[in-house]
Amino acid sequence: MCGIVGYVGSKQALSVVVDGLRRLEYRGYDSAGVAVVSENKLKVRKKAGKLTKLESLLGDDPLPSSTCAIGHTRWATHGIPNDINAHPHLDQDQKFAVIHNGIIENFAQLRAELEATGTNLASDTDTEVVAHLLASEYPKTKSLTKAMQQVVSRLRGAFTLVAISSEEPDLLVGARRNSPLVVGRGIGENFLASDVSAFISHTKSAIELGQDQIVELTSESIKIINFDGSDALFKEYEIDWDISAAEKGGYELFMLKEIAEQPQAVRDTLAGRINEKGILNFSDFQISDETIKEIKKVVFIACGTAFHAGLIGKYAVERWTRLPSEAEIASEFRYRDPILDKESLVVAISQSGETMDTLMAVKHAKEQGAKVLAITNTQGSTLGREADAVLYTRAGPEVAVASTKAFLTQVVAVELLALYLAQVKAVTQTSEIKKVLEDILDMSHAIDVVLDTMPQVKEIAEKYKSAKSILFIGRQAGYPVALEGALKLKELAYMHAEGFAAGELKHGPIALIEAGSPVIVIVPSLEHDPILHEKIISNIQEVKARGASVVALAEAGDEVVSLYADQVIRLPKVPSLLQPLVATVPLQVFAAQLAKVKGHDVDQPRNLAKSVTVE
Ligand code: M6R
C-alpha cells in the first residue's frame, strides 16, 4: 500500500520520480504527490486521484528543475483521499518533506503533543507528525539523518519513510520498519523505492534494506545504519528482470498481458527444479532432509488469491504426503491459538511478500516454534527474509492489482512442495511422483490451449453483464477455483459473487437461485474423478431445476455435461489436482471482460491496492 520513490543525482529528479510513480501506482491510487528541493527551497505538488491528475497539475503549474526529489502514490488509511491528505507532508516552516507507507499507531498521541506546543497540523494523516517532529529535532544536530533516528525512536507501528530537507538539499534519508524500501545504486545517482520497478530502467543494482534501518543517500554515497546508529548489515543483489517485463508490451491492459504470460510463468517456475530422471531437485530449498523427515503437519497461511493457492496446497499435501494439512486465512490465524510446534511446517504464500496479515501470521507461527517456508514472487521481500526458507515463484512482475500469473505459479509451487515432501519422506512411490511431475511439465501447454477459448469466454461474459449476482461452484480442487473466480469478479466487475463447495449448496445457498441466476460450475474430470463428476452433475441438475443458467467448465470429451449445462467452456484433460491451473484462466478472462464492459478500470480496481501492507 502506498508507493514511495526518491531520487538524488544529476538527472531531472522530478521526471525520474514521476516515471517511478507510474510503475508504483499499482500500490495505491487515491492520490499522488511530489516534492523537490530547488534553490534551497522545498516545492510540493500533490493531487487527489490517479497519477494523471498530478501530471496535469505539474503541466499547469510546473516545478523548478532539481537533482533531488521524492514522490508518493497513496492508498488512504488515515484521512480521506483529498489534496491535503496527499503526501508529501511538510512542517510549518516548509523545510522538511516526508512520504510514508504504513500506519503510525501512536500518531494521535504525537499529534496531541505537537498541538499542545502550538503546532498547526494541516492534514488528517498519521504521516504529517513526522514532518513536524523532524523540524523540532533537526536544530539539535543539524543532521537530517540524526533527526530521523530520533524521530523513529518515537514512532510505533509500520513506517517506511523518506524525507528531504531544504537544509540539506542533496540528501535523501529513508527509514524502514515493516514496509518495503529498496535502494537502487546508480553511477552518480541513487534511488529509493518501495519496489525495484521504480528504478529498474536506471539501474539493476539493488540493496535490500533490513528491518529498522536508516539509509542516507547522496548522488555519490550510500550509508546504511540501524535505528540505534550502529553499522547495519544489508544485502546487495542484481535484479534479474528488465523493464520490458513491467510494461504492457502492446497489450491494452496489464491484466491481459499477465493472463497471456501464464504458460511462460509456469515454465519459469518449473525450470531447473525437475531433473532429467524425473526427480525434484530443489537446490534452492534451504530446509534439510532431516528436518523435512521430522515434519508432522503442514499449514498454509495466506490472504486473498494466495489463500486459494494454499487450499490447493492442502489437498496436494494430504494426497502426496499423507500428512495432516490445513489452509488458513492469515488474518484469522494470527489472532488464534494454532496448535503448532517444531515439527510443524508453516507455508506462507504471498506474491508481494509484503502482506502485513501474512507477515504477522508468520511471526505468530515462529513464536510457536514452527518452521516457516515462504512461497513468494518477490526477491528481497520481508517475507523472504523472515522465513526459514524460500521457494520463489518466477512469475515476473505482476502489475495489475488482480492476481493472475502469480496465482498459477503459486499453485505450481505448492504442488511441487507437496511432491518434494513426499519424495524426501519416501511416502509415495517414486514412479507415481515421476508421473505427476511429467503432467506438471505439460501444464504450460495445457494453459496455452485454454487461452484459445478467450473469445468464447468473452462472449459468455457479456451475456451476464446485467446479472445481480453470479455463483461459482466446485468440488475438491475445483472449490478453490470457484472461490478464486468469485473473488476476481468482485474485485474487477464490482458484482456480487460467491464461491461455494458444490455439496454445500443444498445447505442454504441454493435459496439464492431464481430464474436466470448464473451459476458457473467447475466440473471435475470425468476420467480421473468419475464419482465427483457424477455428484456435480447432480448439483447442476439441482440448480437447473430452480431456473439457473449454467456455464460449465469441463474437460474435452465430457459429453455428459453438455446434456445439462447451458454453455460449456472446454478445458484440456488433466489430473484433478492440476485442474486449477487450467480452470482458473477462463474465470480471469470472464471477470476482466465484465469489468471492461462495465467501463471499470481493470488494472486498478476501486478501493484496492496490490500490496496490502497494513493489518
Ligand atoms: O501479495 P499477496 O499475494 O500476499 O496478496 C494477497 C492478496 O492481497 C491478493 O492475492 C489479492 O487478493 C488479489 N488482489 C486478488 O486478485
Side-chain angles (χ1 to χ4, degrees), residues 1-3 24 26-29 75 101 178-180 194-195 197 253-255 258-259 262 265 300-313 327-334 347-362 372 374-384 386-387 390-393 395-411 413-414 472 480-481 483-494 497 499 584-585 587-592 595 600-615:
M1 312 220 121
C2 298
L24 294 184
Y26 71 88
R27 300 180 70 88
Y29 28 86
W75 188 83
N101 178 18
N178 285 346
S179 325
S194 307
D195 155 348
S197 61
L253 298 166
F254 275 111
M255 184 174 172
E258 288 158 9
I259 288 173
Q262 292 183 113
F300 293 88
I301 49 173
C303 305
T305 287
F307 167 68
H308 302 152
L311 279 172
I312 296 164
E328 302 250 12
I329 291 170
S331 56
E332 287 294 311
F333 174 92
R334 187 239 183 294
V347 184
I349 310 173
S350 171
Q351 187 284 131
S352 61
E354 299 296 343
T355 298
M356 188 56 74
D357 289 323
T358 307
L359 294 175
M360 290 297 134
V362 162
V372 175
I375 294 183
T376 180
N377 195 37
T378 313
Q379 208 186 338
S381 60
T382 308
L383 180 62
E386 301 292 313
V390 190
L391 184 53
Y392 284 106
T393 51
E398 191 181 66
V399 178
V401 166
S403 192
T404 53
K405 60 177 180 168
F407 174 68
L408 258 55
T409 57
Q410 286 163 351
V411 174
V414 296
F472 294 74
V481 176
L483 295 176
E484 178 61 8
L487 176 62
K488 283 286 154 295
L489 201 63
K490 285 183 254 202
E491 91 179 310
L492 296 173
Y494 317 151
T584 309
V585 178
L587 303 184
Q588 299 165 342
V589 176
F590 183 80
H600 300 165
D601 187 332
V602 178
D603 284 337
Q604 296 179 340
R606 73 182 178 201
N607 302 340
L608 298 175
K610 181 81 182 155
S611 172
V612 185
T613 54
V614 293
E615 265 194 85

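Counting starts at 1 for both ligands and their atoms, following the listed order.
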Intermediate values then yes/no, side chain to side chain contact (heavy atoms under 4.5 Å, CB included), Leu24 and Asp195: CA-CA 7 Å; Leu24 294 184; Asp195 155 348; 3.8 Å; yes
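Annotation: the span from Tyr494 atom OH to Asn607 atom CG amounts to 7.5 Å, rounded to 0.5 Å.
For the pair Thr376 and Ser352, the tightest heavy-atom approach, listed with the atom from each and the gap, is OG1-C, 4.0 Å.
Contact shell of ligand 1 (protein heavy atoms, cutoff 4.0 Å): Cys303, Gly304, Thr305, Ala306, Ser350, Gln351, Ser352, Thr355, Val401, Ala402, Ser403, Leu487, Lys488, Glu491.
Thr355 and Asp357 share no side-chain donor-acceptor pair at under 3.5 Å.
Between Met255 and Gln588, some side-chain heavy-atom pair lies under the 4.5 Å cut-off.
For the side-chain contact (heavy atoms from CB on, under 4.5 Å) with Lys488, the qualifying choice from Thr584, Leu587, Thr305 is Thr305, the only one to do so.
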